[in-house]
Protein chains: 4
Amino acid sequence: MRATEKLLADYGFHGLSMQMVAREAGVATGTIYRYFEDKQDLLHQLYDHILSRVAQLVTQNVTDDMPLKERFRTMWLNIWAMAYQEDAPLINRGQFENLPRRNTLEQQQLEQKLFSKVHRLFEEGKAQGLLKPLDNEILSVLGLEPSACLARKHLTGVLHVDEKSREAALEACWDAITQHD
Amino acid sequence: MRATEKLLADYGFHGLSMQMVAREAGVATGTIYRYFEDKQDLLHQLYDHILSRVAQLVTQNVTDDMPLKERFRTMWLNIWAMAYQEDAPLINRGQFENLPRRNTLEQQQLEQKLFSKVHRLFEEGKAQGLLKPLDNEILSVLGLEPSACLARKHLTGVLHVDEKSREAALEACWDAITQHD
Amino acid sequence: MRATEKLLADYGFHGLSMQMVAREAGVATGTIYRYFEDKQDLLHQLYDHILSRVAQLVTQNVTDDMPLKERFRTMWLNIWAMAYQEDAPLINRGQFENLPRRNTLEQQQLEQKLFSKVHRLFEEGKAQGLLKPLDNEILSVLGLEPSACLARKHLTGVLHVDEKSREAALEACWDAITQHD
Amino acid sequence: MRATEKLLADYGFHGLSMQMVAREAGVATGTIYRYFEDKQDLLHQLYDHILSRVAQLVTQNVTDDMPLKERFRTMWLNIWAMAYQEDAPLINRGQFENLPRRNTLEQQQLEQKLFSKVHRLFEEGKAQGLLKPLDNEILSVLGLEPSACLARKHLTGVLHVDEKSREAALEACWDAITQHD
DNA sequence: CATGAATGAGCCTTCATTCAT
DNA sequence: AATGAATGAAGGCTCATTCAT
C-alpha cells in the first residue's frame, strides 16, 4: 500500500500498473494477489488506509475540552497543513478523491466514526445555538471543505494564498457555519 | 463530444475508450480522428465545450443591474440546478474536474472571460464594502463551490438536502463572503 | 507518380500512405483510384516508370558505334552518376529495389527491351571474343552491379570512394567480364 | 527470433506483424515483449543474430594457412551455398539487407570482427601484390557480392546458373580483384 | 507462501479503400 | 471526373490476472 500511494502521488492514477506496484514494493507481481483480491480491492483498501490517516491528521491536537472555535480553527489549519505533509497522504488528494469508493453502509459508518471529533464539534455547537442547525455533512462542506479546496489550488499554483488571506478565509468559513442574529 | 460526455458521466474517466466513444456516437473508430487530433485533443475540446456551457448555465438570468444579493442567489441556485440538467453538463463535474487541462495563459483568459459576470459581482460587492476584501478566486471557493459540492452529494445520495436546508446553505455561503460588523 | 516517388525518397517505404500521396499530388484521396487499381498497382506502375528512366540514364550518351570499352565505361559512370541526380530516380534505389515487382514474362521482356543497348554491348563483346562467354545477366551482375552498389555505399557514407578508387573499380569490373588468356 | 526469421523469409519485411510472430512462435503477443523492448529491438537483435550466422557460414572451412585463391574460392562458394541452407539465414538476404540497422561504432567494430578472416585474406593478398590495392570494402563488393547477387537471382528463378557458369563467375570475380600484368 | 513468465483482451491510432455527393 | 468523409480491419503495445514451479 505504501508503494501504491507513492506511485499514485508521483505518476497519478494512470500509469499505475500492478507490475509497477510490485516492483516498487520489492515483491513479485503475483504476491500482491495474496493480499488483495484484485486491483480494485487494493485501491479500496488504500482508500480506507489514507482516509484514516486523513482523519487522524485532521483531528490531531484537538480535544473535546477545547473551546469550539479553537477546535474548528485547529481542524481547519490541520486540513490546510495536510497538503504540505512530506509523507504525502493528501498530496494525493487530487488523486485520492477519485479513487474508486465503495458506497456501502459500513463504509459510511466507518467514516462517521473516523471523524467523530468533527461531528462532536458540530453537535455541541448546534446545541449551544452557536452553529446553524444544519446537517453535519452540510456544515462540513461549508466550514471545512473550502480549506482543502484552497490548499489544493494554492499548491497547484492556480492561486496564491498568503497568510492573511488564509486567516480571512478561515474566519469566513466560521461565519458560514455560525448563527448571525 | 456528446457521446464522450455521456460516457464520461456514466462510466467515469477510466474506462473511456475511443472505441466506446465511436460506438456511442454511431460512427466508425477512425472517424473520430478526422475531427480530433487524438484522445487528448478530444478531451481538451470537450473541457472547453463543457466549461462554456457551465458558464452559460451559471450566469443565466443574471444581469448586472440586479441587486448583488439577487445575483448571488441566482447563480448559487443555477449551480444547484445544473446538477439536474437532463443534458448533463455537470453530472460530469466530478469527472469533469479531472479532465486533462491545458494550463496556458490563453486558457486562463478564456475562463476569466466566461465567468466575467461572477467576477463583476465580486468586484462590485467589494467596492461597496458589502463583501470581504478577498481574491475573487477565494470568494468563489467560499461562496459558490459549496453549492456544487452539496448538489453533487445530494445527487449521488450520500446526503439528502431538502429545500429548507438548501436555502439555509445558500444563506450560509452568503454569510461566508459578506462583511460582518 | 511524381508525388509517390518524392515521398518514397523522403520518407521511405513505410510512411507512404495513399492520403499523403494525394496531398502531395494536390488531389483528393479518391482520385488516385481512378488512375490506379490500388496501392500495389501504383507501386508497380511507378516501378516501370522509374525503370525506364533508369534505362534511359544508364544508356545515355552511348551509341552502338562507340568502341566497346568506351560504351562500357560510359554506362558504368552513368550508373555511378545516377546516385547524384537531383531529380532522384535512384536515390530511391535503396527503396526502389524493394518496390513490389511483378514477375511476369511481359515484365521481363520489357526490361529486356529497355536495356537492349546493354545487351547489344555484351553480345558484340562475346562475338569478338573480348568478353567472357557468359549469360548477359551474369555479365551485368559482374560488370555493372558493383557500380550501383559502390555508389549506394558511397552515398550513405558507409564507405568513401575517391576518384582514383572509382576509376580502379571500373577497371576491375572490366577485368571481371573480359577474357584473360 | 526463429519465427521472425521464417516470416521475414516467407512474407517479406512488410506484413511482419508482432501478432504473426507470436502465433508462429506459439506464444501470446505480450510474451514477445518480455524478451524484446519493442519491434525495432526484435529486428535489431535478429540482425545481429543472422549476421553472426552469416559470418560463420561465409568463413567456415577457411583457415589462414590455406592458399589465398583457395580461401577466396571457399568463401565465394560458401556464400553461394548459403542461399540453399534449409535453415534459411540468407534466403532472407534480400529482406535481411533492409532490416533496420543501428549505425553505431560498436556495430561496425562487431562486423569488422565477424568478418576478420575476409579482411585478412584481402590484406595478405594486397601485401603480396596479388590483389589490387583497393579498400577492403571495395574488394568485397567486386569479389564476393556478386556471388550473393547471383545466388539470389538463381534462387528466385530470374536467372538459371549452371555449374559451369557458376565456376566461370567465380573466376571472373577473382579476375576483378587480382592484378593483371 | 512467493515467484514471475505467460496470457490475451483491450487500448490508441493508422490507413487502404469505398461511395454518396 | 473529382471529391473527401467515412469505414473498420489491423497494427504495436500494455497490463490485470493466473498458475506451474
Side-chain angles (χ1 to χ4, degrees), chain A residues 4 7 11 13-44 100, chain B residues 4 7 11 13-23 25-43 100, chain C residues 4 7 11 13-44 100, chain D residues 4 7 11 13-23 25-43 100:
Chain A
T4 310
L7 293 173
Y11 302 103
F13 196 84
H14 285 112
L16 180 81
S17 79
M18 294 304 264
Q19 8 261 10
M20 272 179 74
V21 172
R23 199 181 325 123
E24 176 74 28
V27 300
T29 329
T31 307
I32 298 177
Y33 287 84
R34 293 205 63 78
Y35 300 93
F36 302 94
E37 202 68 36
D38 52 18
K39 192 181 188 181
Q40 165 132 272
D41 182 43
L42 167 61
L43 262 12
H44 278 329
Chain B
T4 310
L7 292 172
Y11 301 102
F13 188 78
H14 308 101
L16 179 81
S17 81
M18 296 303 264
Q19 267 89 318
M20 278 177 68
V21 172
R23 198 176 331 119
V27 300
T29 329
T31 306
I32 298 177
Y33 289 85
R34 289 198 63 77
Y35 301 95
F36 302 94
E37 203 68 36
D38 52 17
K39 193 182 186 180
Q40 165 135 272
D41 183 42
L42 168 60
L43 262 12
Chain C
T4 309
L7 292 172
Y11 302 103
F13 196 84
H14 284 112
L16 180 80
S17 79
M18 296 302 265
Q19 8 261 10
M20 272 180 74
V21 171
R23 197 180 329 122
E24 176 75 28
V27 299
T29 330
T31 307
I32 298 177
Y33 288 84
R34 294 204 63 79
Y35 299 94
F36 301 94
E37 201 67 37
D38 53 18
K39 193 180 188 182
Q40 166 132 274
D41 182 44
L42 167 61
L43 262 12
H44 278 329
Chain D
T4 310
L7 292 172
Y11 302 102
F13 188 78
H14 306 102
L16 179 80
S17 80
M18 296 304 264
Q19 269 87 315
M20 277 175 70
V21 172
R23 198 177 329 120
V27 299
T29 329
T31 305
I32 298 176
Y33 291 85
R34 289 198 63 79
Y35 301 94
F36 302 95
E37 203 70 36
D38 53 18
K39 193 180 186 181
Q40 165 134 276
D41 182 43
L42 168 61
L43 263 12

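What you see is a predicted model, and the numbers here were worked out from it, not measured in a lab. Every chain is numbered from 1, with letters handed out A, B, ... down the list of sequences. For the numbers below, each heavy atom of this structure counts, side chains included, while hydrogens, waters and symmetry mates do not.
Closest-nucleotide positions on DNA chain F for Ala28(B) and Val27(C) were compared, and the one nearer the 5' end corresponds to Val27(C). Between Gly15(B) and Gly26(D), it is Gly26(D) whose nearest contact on DNA chain E lies nearer the 5' terminus. Sequence order on DNA chain F of the closest nucleotides to Leu16(D) and Thr29(C) puts Thr29(C) first from the 5' end. Nearer to the 5' terminus of DNA chain E, by closest-nucleotide assignment, is the contact made by Gln40(B) (compared with the other of Gln40(B) and Gly30(C)).
Between the CG atom of Asp38(B) and the C1' atom of dC11(E) there is a distance of 14 Å, rounded to whole Å. Regarding Lys39(B), its NZ atom lies at a distance of 17 Å from the C1' atom of dT14(E), rounded to whole Å. If you take OH of Tyr33(A) and C1' of dG4(E), they are 13 Å apart, rounded to a whole angstrom. Between the CD1 atom of Ile32(B) and the C1' atom of dT14(E) there is a distance of 13 Å, given to the nearest Å. At whole-Å resolution of the value, CG in Leu43(C) and C1' in dA16(E) are 12 Å apart. Distance CE (Met18(D)) to P (dT13(E)): 20 Å, rounded to an integer number of Å. Between Phe36(C) atom CZ and dA2(F) atom P the separation is 12 Å, expressed in whole Å. Put simply, CE on Met20(D) is 16 Å from P on dC13(F), counting in whole angstrom units.
If you check every strand for non-hydrogen atoms under 4.0 Å, Ser17(D) touches sugar and phosphate atoms only. Across all strands, Leu42(D) comes closer than 4.0 Å to no nucleic acid atom at all (heavy-atom distances).
Taking the six-membered ring for Trp and thresholds of 30 and 60 degrees, His14(B) and Phe13(A) have ring planes inclined between 30 and 60 degrees apart.
Considering only side-chain atoms of Thr31(A), the nucleotide from dT13(E), dT7(E), dT3(E) that sits closest is dT3(E). In the set dC15(F), dT3(F), dG4(F), dC15(F) carries the atom at the smallest distance from any side-chain atom of Gln19(A).
Using Watson-Crick or G-U wobble geometry with both donor-acceptor distances under 3.5 Å, dA2(F) finds its partner in dT21(E). For dT13(E), the paired base is dA10(F) (Watson-Crick or G-U wobble, both distances below 3.5 Å).
Listed pair Arg34(A) / dC1(E) fails the phosphate criterion, with no side-chain N or O lying under 4.0 Å from OP1 or OP2. For the OP1/OP2 pair of dA1(F) and a distance below 4.0 Å, the side-chain nitrogens and oxygens of Tyr35(C) include no atom meeting the criterion.
What you find for Phe36(B) and Asp41(B) is that their closest heavy atoms are CA-OD2, 3.4 Å. The minimum heavy-atom distance between Asp38(D) and Met18(D), with the atom names listed, is C-CE, 4.4 Å.
Going from atom OH of Tyr11(A) over to atom OG of Ser17(A) covers 11.0 Å, rounded to the nearest 0.5 Å. Rounding to the nearest 0.5 angstrom, the gap separating the NE2 atom in His44(C) from the CD atom in Gln40(C) is 3.5 Å.
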